[in-house]
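Worksheet: one structure, shown below.
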Amino acid sequence: MRPAFAVGLVFAGCCSNVIFLELLARKHPGCGNIVTFAQFLFIAVEGFLFEADLGRKRPAIPIRYSIFKYTSIALVSVGIFICTFMSAKQVTSQSSSSENDGFQAFLRWLLGIGALTFALLMSARMGIFQETLYKQFGKHSKEALFYNHALPLPGFVFLASDIYDHAVLFNKSELYQVPFVGVTVPIMWFYLLMNVVTQYVCIRGVFILTTECASLTVTLVVTLRKFVSLIFSILYFQNPFTLWHWLGTLFVFIGTLMYTEVWNNIGTTKSQPQKDKKN
């Protein structure tokens, strides 16, 4: 029941998160830094208050690991940052694109694909580390969530100028009255708040899943989540859905069915009555 709940959090949180991310990126394509910073800050503050007990609770899992492990976590963080930044880059408009601009856009697209692939591989490696730690020290998903987001926060100092510039732009956005609350705020801040909250729901589900399933299963769920978010974004914003999208969808579902070995389960179910008859 707990794994099913975690998967529900992942898909519900992440699929709704992509809506607010796209709304933010359409208005300000370079807002990836402030979005990522807000997500990390929110999760770190929540963990500091309710998990670390204002710093008075000692971590169950010690944080003095080898350089190799620190490097792997840093690479994952860099990969996620690059992916977030590249996904928010504005695509060159067709009206003003030259041959050189088109080639540069293609190179950026290749860089984004490479960053996504690299981040996925490093996330899988981090999942193996987490699986090992949970076996040794017990399952502490909230603690892992807190430290994974609190420790990288000093790195945002190097992005402070860009974060401040976009905060000023957010303040200048049109006013929006929040439903059920009646408070009026700039609409970009509302989008950012909803993005942060839904991201917390999503990542909370992922970390719960790491305590309940093998790292390979977690990687598959996260990958499927990204795919469903992509399809959901295409349908919600009425972007073209081509034959290649259908082909990709088919491959994803076939791969998922192969991973879950649904055919073997069906065969076992069908053969079960025959065994009962023999008995």
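Along the sequence shown, residues are numbered consecutively beginning with 1. Note: hydrogens, waters and symmetry copies are ignored here, and every other heavy atom, side chains too, is used.
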Worksheet item: Same hydrophobic cluster for Val197 and Leu49, using side-chain heavy-atom links shorter than 4.5 Å among ILVMFWY?
Response: no

Fill in: Set of ring pair (Phe, Tyr, Trp, His ring centres under 6.0 Å) partners for His166, sequence neighbours left out
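In terms of ring pair (Phe, Tyr, Trp, His ring centres under 6.0 Å), with neighbours along the sequence ignored, His166 is linked to no residue.
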
Fill in: Set of residues satisfying side chain to side chain donor-acceptor pair (under 3.5 Å) with respect to Arg56, sequence neighbours excluded
Asp53

Worksheet entry | Members besides Val168 in its Ile/Leu/Val/Met/Phe/Trp/Tyr cluster (side-chain heavy atoms under 4.5 Å) |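 Via sub-4.5 Å side-chain contacts, Val168 links to Tyr164.
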
Work out which heavy atom in [X] is nearest to a heavy atom in [Y]; give both atom names and the distance.
X      : Y     : answer
Thr198 : Ser16 : CG2-OG, 3.4 Å
Gly55  : Phe48 : N-CE1, 3.4 Å
Cys202 : Gly13 : CB-C, 3.8 Å

Interatomic spacing from [atom1] in [X] to [atom2] in [Y] - rounded to 0.5 Å:
X      : Y      : atom1 : atom2 : answer
Asp162 : Cys31  : CG    : SG    : 9.5 Å
Tyr200 : Leu145 : OH    : CG    : 6.0 Å
Leu169 : Lys27  : CG    : NZ    : 10.0 Å
Phe37  : Phe42  : CZ    : CZ    : 13.5 Å
Ile203 : Leu9   : CD1   : CG    : 11.5 Å
Thr36  : Leu21  : OG1   : CG    : 8.5 Å

Worksheet item: Taking the six-membered ring for Trp, are the ring centroids of Phe170 and His28 within less than 6.0 Å of each other?
Response: yes

Donor-acceptor contacts, no H, no angles, side chain residues 181-196, under 3.5 Å, sequence neighbours left out:
unit_1 : atom_1 : unit_2 : atom_2 : d
Trp189 : NE1    : Asn171 : OD1    : 2.7
Asn195 : OD1    : Gln39  : NE2    : 2.7
Asn195 : ND2    : Asn17  : O      : 3.4

Only pairs under 3.5 Å count here: list side-chain donor-acceptor contacts from residues 153-161, not counting sequence neighbours, and write none if there are none.
none

Worksheet item: Does Glu51 have any side chain to side chain contact (heavy atoms under 4.5 Å, CB included) partners at least two apart in sequence or in another chain, and if so, which?
Response: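 Checked Glu51 against side chain to side chain contact (heavy atoms under 4.5 Å, CB included); matches are Lys57, Lys142, Glu143.
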
